[in-house]
Amino acid sequence: MSFYITTPIYYTNDVPHIGHAYTTIACDIIARYNKLLGKDVFFLTGTDEHGQKVEKAAIKLNLNPKEFVDKLSVNFINLIPFLGCEIDDFIRTTEDRHIKSSQALWKQLEKNNQIYLSNYEGWYSIRDEAYYLESELKKIDGKYFTNNGSPVEWVKEESYFFKLSEWEDKLIEYYENNQNSILPKTRYNEVLQFIKGGLKDLSISRTTFNWGVPVPNNSKHVMYVWIDALCNYLTAIGYPDINNKKYNKYWPATHIVGKDILRFHAVYWPAFLMAAGIEPPKRIFAHGWWTNEGQKISKSVGNVIDPYNIINEYGLDQIRFFLFREVPFGNDGDFSKKTIANRINADLSNNFGNLVQRISSFVIKNNNSLLKPSENLNKVDKALINLLQNKYDEYCNFMNNQQIDRAIKSVLELISAGNAYVDNQAPWLLKKTNKIRMEEVLFVITNIIIKSSIMLYPIIPTSSKKILNIFNYNIDNYKFDNFATLIKHNIKINNSEPIFPRILND
RNA sequence: GGCGGAGUAGCUCAGUUGGUCAGAGCGCACGGCUCAUAUUCGUGAUGUCGGGGGUUCAAAUCCCUCCUCCGCUACCA
C-alpha cells in the first residue's frame, strides 16, 4: 500500500507564517500516521515561484526573478525541519523537471483537443493588475471604477483557453460517485454547488508578463498559474514519464489545502487531469484559517504569527498538539495564549505527562526499574485493555478521515481512563499488601502509556519518542499490528524529567 | 439576491437511520488520595438543545415559519 500526500506549494512572495506551518504539520501528521499503518508514504511540499507578483517584487529589489525566488524559497525549506516535519521531496516550480512536466501536461491537453486560442476580454485595472466583473464596478460619469476607485478599461488579451465547460457533467458525476473525495462535507457541498452552477472555459495563459513557464510553441505566452502550480504534484513523481515506478506507485494523491484554494484543487485540477487522461486526486481536504486572539490575521494589522517565535516560546510538540487538538481540522481556529496554556497544561502536563511521570518514578522507586509481563489479568485490567482496543479503533477511523482532533481526543480519553485506573488500583497501597498484584497493575498501565505514545507519535513525535525511551521502547520502523495485545517482554524503566513542563500563567 | 452550513451547559464543542440524547472537555463547588509536574480520583450544579407552530405513542434529531451568525457565489496567489 502506498500513500501520497501534498501541501500546496507556497507562493514565494513573503516569509512563511503560521498558516504555512499549519498546513505542513497537518501533512506531516497524516504522513506519519500512514507510515504507522505500514504504507509506503510520499510526502511532498514546495514553492510556487512564478507569476507577475514575483516578477514585480524582484524588479523592485533590482534582482532577476530567479535570484529573488532562490532567496525566498530557502525560508520555506528551512522551516520544514524546524516544524519537526519529514518530507520526501521539495519541489520548486522553477526547476527544469517541473518546466518540462508542465509543458508536457500542456501538450497532452492540446493533443486531447482541450486547449484553444482565443481572447480574454474584461474590465482591467492597470493599477490593480487585475480583471473585474462588471458587478464589482461602479459607474461614474459613464466611466467604470473599482470599489477602491481604480479606473478600469475594457481590455482584450490573446489567451489560450482550457475547455473546462466540457467537464461539468463529468465532474458532477465523479463527485457524486466519490463523496469522500472532498472533505469536510460542507466543502464537498460547496464545490458541487459551484460546478452545478455551470463552468466556463478557463483562460490558462498570459502575455502581460514573462515570469512563467513558456507555452509550448508560442513563447509569447506563459502558462497561467493554475496549470503551472498544480502540475507540481505530478512533476514530483516523475511526470511525464508515466511508466516510472514512483508515478505508478503513488498517484493519485491526497491534497491538503487551505479553504481559499479549494476550488482550484477540486474543480480545475481534476478537470485538467481527466482531460489529460489522468486519474483525479484521491482526496482533497480543505482546512480553515487561524485568527490571533480573536482578530483576523493580516500584515497591515501587524498580528502575523511567526512560527519560529511561537514554537520557541511554547515548544514544538506543544504547538503541534495545540494546533490539531484545539480545533476540528477543517474549521477556523483562534490562536490565543490563554487557550494554548490551558490546552498544554490540561492535556499534556496534567493528564498525559503526569501519568508517565507517576508511573515511571513509582516503578523506579518500588520495583527496581523493571516490569515483567503478567499473565493474570483481572476484570478491571481486561476492561482497560478493551478500552485500548476501542480507542485505537476510533483513532484509526478518525485519522483515516483527517479528523485529527477527534483522533487525539480518543487517545486522551484512554489516558484519562489510565489515570483513573491507577487511582482505583492504588499501587502505593498494594506495595504493602500484594506486591505481585502491584506489578501487574504497573505492567498494564505501562502498556497503556506506551500505546498512547505510539498513537500520539504522529502529532508529537519528539515527545512520544522521549516517553517511549523512558520505557526502552523503540518506535523506529514500528507498524500497527495486534495493537491492543500486551507487550511480551520485560520493560526496563529509565529515569526521566517531566516531558511537558507546565505553562505558568503570567 | 441565489445556493449551502450552523445556532445544545460560563467557554469550546459531541450528539449515526427520531425512542437512557440531554452529553464530553475546560471552568466552578464540595469531598477523597498522596505514587506523581500543587499533579490525580470521585461527586455535584447550571441548559425550556435560537423563537414559534406542526407530524408522531415518542423529536435536539422530521416538516413549516421567523430571527441570528457563517461559508460559497470563478481567473491576485
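Chain naming here is simple, since letters A, B, ... match the order of the sequence lines and numbering starts at 1 in each. Note that the coordinates shown come from a computational prediction; the quantities given were computed from them, not determined experimentally.
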[X] has a side chain; which of [options] sits nearest to it?
X: A/Leu164; options: B/rG42, B/rG15, B/rA74; answer: B/rA74
X: A/Leu199; options: B/rG71, B/rA74, B/rA77; answer: B/rA74
X: A/Glu190; options: B/rA14, B/rG4, B/rC72; answer: B/rC72

Worksheet entry | Nucleotide paired to B/rG42 in any strand shown, Watson-Crick or G-U, under 3.5 Å |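 Check on B/rG42: paired to B/rC30, both distances under 3.5 Å.
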
Worksheet item: Among A/Phe209, A/Phe161, A/Tyr160, whose ring pair (Phe, Tyr, Trp, His ring centres under 6.0 Å) with A/His221 holds?
Response: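 Among the candidates, only A/Tyr160 passes.
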
Worksheet item: At under 4.0 Å between heavy atoms, what does A/Ile261 touch on the DNA or RNA strands: base, sugar-phosphate, or nothing?
Response: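 Contact class for A/Ile261: none.
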
Practice prompt. Pick base, sugar-phosphate or nothing for A/Asn13, based on heavy-atom distances below 4.0 Å to the nucleic acid.
Written response: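 No contact.
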
Could you go through nucleotides 35-37 of chain B and list every protein N or O atom that sits under 3.5 Å from one of its N or O atoms, giving the distance for each pair?
unit_1: B/rC35; atom_1: O2'; unit_2: A/Arg358; atom_2: O; d: 3.3
unit_1: B/rC35; atom_1: O2; unit_2: A/Arg358; atom_2: NE; d: 3.1
unit_1: B/rC35; atom_1: N3; unit_2: A/Arg358; atom_2: NE; d: 3.4
unit_1: B/rC35; atom_1: N3; unit_2: A/Arg358; atom_2: NH2; d: 2.6
unit_1: B/rC35; atom_1: N4; unit_2: A/Arg358; atom_2: NH2; d: 3.2
unit_1: B/rA36; atom_1: OP1; unit_2: A/Lys365; atom_2: NZ; d: 2.7
unit_1: B/rA36; atom_1: O2'; unit_2: A/Asn354; atom_2: ND2; d: 2.5
unit_1: B/rA36; atom_1: N3; unit_2: A/Asn354; atom_2: OD1; d: 3.1
unit_1: B/rA36; atom_1: N3; unit_2: A/Arg358; atom_2: NE; d: 3.2
unit_1: B/rU37; atom_1: O2; unit_2: A/Phe500; atom_2: O; d: 3.4
unit_1: B/rU37; atom_1: O2; unit_2: A/Arg502; atom_2: N; d: 3.4
unit_1: B/rU37; atom_1: N3; unit_2: A/Phe500; atom_2: O; d: 2.7
unit_1: B/rU37; atom_1: O4; unit_2: A/Phe500; atom_2: N; d: 3.2

Item to complete: Please work out which of the three classes, parallel, tilted or perpendicular, describes the rings of A/Phe272 and A/Phe162, given edges at 30° and 60°.
Response: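 Perpendicular, since the angle between the ring planes exceeds 60°.
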
Fill in: Aromatic plane relationship, A/His50 with A/Trp211 - under 30° parallel, 30 to 60° tilted, over 60° perpendicular
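A/Trp211 and A/His50: perpendicular rings.
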
Worksheet entry | Footprint string (nucleotides 21-29 of chain B, 5' to 3'): B base within contact, S backbone only, - free, heavy atoms under 4.0 Å | ----S----

Worksheet entry | Residue pair A/His98 / A/Thr93, side-chain donor-acceptor N/O under 3.5 Å |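 Judged by distance alone, the side chains do not pair up.
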
Fill in: cation_pi(A/Arg343, A/Phe321) dist<6.0 Å, angle<=45
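Cation-pi check for A/Arg343 and A/Phe321: fails.
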
